[in-house]
Each structure stands twice: as structure tokens, then as C-alpha cells.
Novice: 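Pasting a structure below so you can have a look.
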Amino acid sequence: IVLIICLLLRIQPFGEKTFLLTDMQCQYVDYLIYFRKVLSGEESIFYSFSKSIGDDFLSLYAYYLGNPLNWITALFPLEKMPLAVELIILLRYGLCGLTSAIYFRKTFHTKDETLIFTTAYSLISLQFVISEHIQLRDGAILLPIILLGIEKLICEDKKSLYILSLFASLLISYYSTYQICFFCVLYVFFRLYLSGQFSWRKVKTFTFCSLTAAGLCAFFL
């Protein structure tokens, strides 16, 4: 669907327009180009002399570039960076659809309706508004897996999926994940209330698992 939109709007490779807009044009693409140099061994991921008068780069990586999808930039020559940016953005749309499909199928055991809901989730207006703000969309990719982990925690008393998915989200994008953490608290209380089996033991288990995920990521945070 997004490729068809790119075709109609004459966005590369179907025309001259690109996703290099607003902050992507004046900020993020420079970070991606620098990260490309890190992957090729030309620059350091720990410290950059091109950041201000010299500063650490790891904090900038943690904030903007933690998603492994950004490694795709290493496959493109410098003059093809607009295409690399477009591919990174399109893959994020696709991954939102994939993870939400897993959540809907595993949680509600639906098949026919899954395509409708996953398409709606992937193409919600917010996704388009912030499409060039790549780091803000990483949370949307992992949110369905985190919620599936909560479902397994509540219904099956299985902790590993929730801990690992929340850990991965914190590692990839702590900025969007702290907002996800607030949402998860509301989600847990909502699900326990909806099930009619509210249990403080499960709330304590959820809290313990959340702190464990944050603790595992402490070396990076």
C-alpha cells in the first residue's frame, strides 16, 4: 500500500521526491550517514570529533539509531542514501504489520479479521505523520510483542517473552519505550479487570518482570 502511495506521489524510485523532509533532512540522515561510516570502520561508535567540538556518539546512537534496520545503510553508496532511508521506513511499516498480526492471532485466535486490524495498525495516521522520525516508530513495532508477552504472563504465567521483548525495546529505543511502559501498566490492570480474576500476585509478577527487563538493559542505559 505504501509503495503504491510512493508511486502515485512520484517518490523514489518512481520519481525525484524523497522522504528527506523536516528533521530527516536536517538531522537524521546525517546520523545515518555517520553510522554508515561506523559500520565501514571509518568512524567510532563511541566518540565523534564531528559532533560539536567532539563528544560521545554512543548516547546519540541509543536515542536515534539503535534499531538494527539502520544497518541497511551499509549496503548503499552515499549517493543512494535517499533510497536507503525509504527502505528503512517501508520495512518499519511492514514490521508493524507482522508483529501486530502475531499479537492478534495469538491473543484473539482470529484469521479472517487479522488482515484488517494489522493494516489499520500499520497505517494509522500517526505512522504517516511521523514516518520520517524513524526512532519514534520503533516502539510501535515491538509493542504488539510486548503485549503478547503480558498476555502470556497473565494467562499462562510465562515470563520470558515479556522480559525479552521489553528488554529489546529498551535497547532499541528507550525514548518510545518509557511511554510503552506507562501503557503496559494500564493494559495489565485493564486485562486483569476484564478477566474478572484480578490478582495482586500477578501485578507483583508484572512489576518484577518489568524491573528485570530494565535491569538487563542497565549496562546500555
Side-chain angles (χ1 to χ4, degrees), residues 23 28 31 56 58-70 88-89 91-108 117-118 120-195 197-221:
D23 287 354
Y28 307 147
Y31 300 159
D56 81 286
L58 198 59
S59 58
L60 189 145
Y61 171 83
Y63 192 101
Y64 294 104
L65 302 170
N67 194 319
L69 286 178
N70 297 324
I88 287 170
I89 290 173
L91 285 173
R92 278 172 163 84
Y93 281 113
L95 287 172
C96 280
L98 176 63
T99 57
S100 59
I102 294 171
Y103 168 75
F104 286 122
R105 287 201 174 192
K106 296 288 187 181
T107 304
F108 301 104
F117 288 117
T118 56
Y121 181 77
S122 303
L123 304 182
I124 193 170
S125 59
L126 176 65
Q127 297 278 31
F128 280 100
V129 171
I130 63 170
S131 57
E132 78 276 7
H133 298 279
I134 50 177
Q135 81 284 1
L136 298 181
R137 299 181 61 214
D138 292 336
I141 296 172
L142 284 167
L143 175 60
I145 304 300
I146 293 171
L147 296 184
L148 181 59
I150 291 177
E151 291 291 333
K152 288 189 174 294
L153 181 66
I154 292 173
C155 302
E156 304 174 28
D157 207 28
K158 294 181 178 178
K159 309 175 184 67
S160 56
L161 181 61
Y162 174 63
I163 292 173
L164 292 175
S165 57
L166 185 61
F167 162 72
S169 190
L170 283 165
L171 196 65
I172 288 172
S173 178
Y174 74 88
Y175 179 75
S176 56
T177 306
Y178 88 83
Q179 300 167 68
I180 286 175
C181 290
F182 285 122
F183 179 76
C184 286
V185 173
L186 298 175
Y187 186 87
V188 164
F189 279 95
F190 170 75
R191 284 293 289 117
L192 289 174
Y193 171 77
L194 199 65
S195 67
Q197 297 177 338
F198 187 86
S199 166
W200 282 110
R201 183 186 68 80
K202 290 188 181 294
V203 172
K204 290 177 182 178
T205 303
F206 164 75
T207 304
F208 170 77
C209 291
S210 301
L211 293 175
T212 300
L216 289 171
C217 202
F219 74 96
F220 195 63
L221 298 177

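Just so it is clear, the values below take in all heavy atoms, side chains as well, and ignore hydrogens, waters and symmetry mates.
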Novice: Evaluate side-chain contact (heavy atoms from CB on, under 4.5 Å) for Ile88 paired with Arg137, printing each intermediate quantity in order.
Specialist: CA-CA 11 Å; Ile88 287 170; Arg137 299 181 61 214; over 6 Å; no

Novice: Please name the pair of heavy atoms, one in Gln127 and one in Cys96, separated by the smallest distance, quoted to 0.1 Å.
Specialist: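 That would be NE2-SG, 3.3 Å.
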
Novice: In terms of heavy-atom contacts, does CZ of Phe220 have more than 12 from other residues, nucleotides or ligands at under 6.0 Å?
Specialist: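 Correct, the count exceeds 12.
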
Novice: Is it the case that atom OH in Tyr193 sees more than 12 heavy atoms from other parts of the structure closer than 6.0 Å?
Specialist: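 Counting neighbours around OH of Tyr193, 12 or fewer heavy atoms of other residues, nucleotides or ligands fall under 6.0 Å, so no.
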
Novice: Quick check on the 6.0 Å ring-centre criterion: do Phe128 and Tyr93 meet it?
Specialist: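 They qualify: ring centres under 6.0 Å apart.
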
Novice: Does the pair Ile150 and Arg191 meet the rule for a side-chain contact (heavy atoms from CB on, under 4.5 Å), with working shown?
Specialist: CA-CA 9 Å; Ile150 291 177; Arg191 284 293 289 117; 5.6 Å; no

Novice: To the nearest 0.5 Å, how far apart are NZ in Lys158 and SG in Cys209?
Specialist: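 Interatomic distance, Lys158 NZ to Cys209 SG, rounded to 0.5 Å: 14.0 Å.
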
Novice: Would you check if the side chain of Ser169 reaches a backbone N or O of Ser165 as a donor-acceptor pair within less than 3.5 Å?
Specialist: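 Not confirmed, Ser169 side chain does not pair with Ser165 backbone.
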
Novice: Using 30° and 60° as the class boundaries, would you call the ring planes of Tyr103 and Phe108 parallel, tilted or perpendicular?
Specialist: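 Taking Phe108 first and then Tyr103, their aromatic rings stand perpendicular (interplane angle over 60°).
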
Novice: Verify, without hydrogens or angle tests, whether Gln179 (side chain) and Tyr175 (backbone) share a donor-acceptor contact under 3.5 angstrom.
Specialist: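 Looks like yes, one N/O pair under 3.5 Å.
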
Novice: Count the heavy atoms of every other residue, nucleotide or ligand shown that sit under 6.0 Å from CZ of Phe117, and state whether that count exceeds 12.
Specialist: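 Result for CZ/Phe117: open.
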
Novice: Quick one: CG on Leu164 to CG on Leu216, what's the gap to the nearest 0.5 Å?
Specialist: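 It is 8.0 Å, given to the nearest 0.5 Å.
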
Novice: Between Tyr174 and Tyr63, what is the ring plane arrangement, given parallel below 30°, perpendicular above 60°, and tilted in between?
Specialist: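 Plane angle over 60°, so perpendicular.
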
Novice: Say you draw a straight line from CD1 of Ile146 to CG of Leu153; how long is it, rounded to the nearest 0.5 Å?
Specialist: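 Ile146 atom CD1 to Leu153 atom CG measures 13.0 Å (nearest 0.5 Å).
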
Novice: Could you label the plane-to-plane angle of the His133 and Tyr28 rings as parallel, tilted or perpendicular, counting under 30° as parallel and over 60° as perpendicular?
Specialist: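 Aromatic pair His133/Tyr28 classed perpendicular.
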
Novice: Looking at CG of Leu166 and CD1 of Ile145, how far apart are the two atoms once the value is rounded to the nearest 0.5 Å?
Specialist: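 With rounding to 0.5 Å, CG (Leu166) is 13.0 Å from CD1 (Ile145).
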
Novice: Nearest 0.5 Å, what's the CZ-SG distance between Phe189 and Cys184?
Specialist: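 Atom-to-atom, Phe189:CZ and Cys184:SG are 12.5 Å apart.
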
Novice: In terms of relative ring orientation, are Phe182 and Tyr178 parallel, tilted or perpendicular, with 30° and 60° separating the classes?
Specialist: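 The arrangement is perpendicular - the two ring planes meet at more than 60°.
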
Novice: Which distance, rounded to the nearest 0.5 Å, do you find between the CD1 of Ile134 and the CZ of Arg92?
Specialist: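 If we round to the nearest 0.5 Å, Ile134:CD1 and Arg92:CZ are 5.0 Å apart.
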
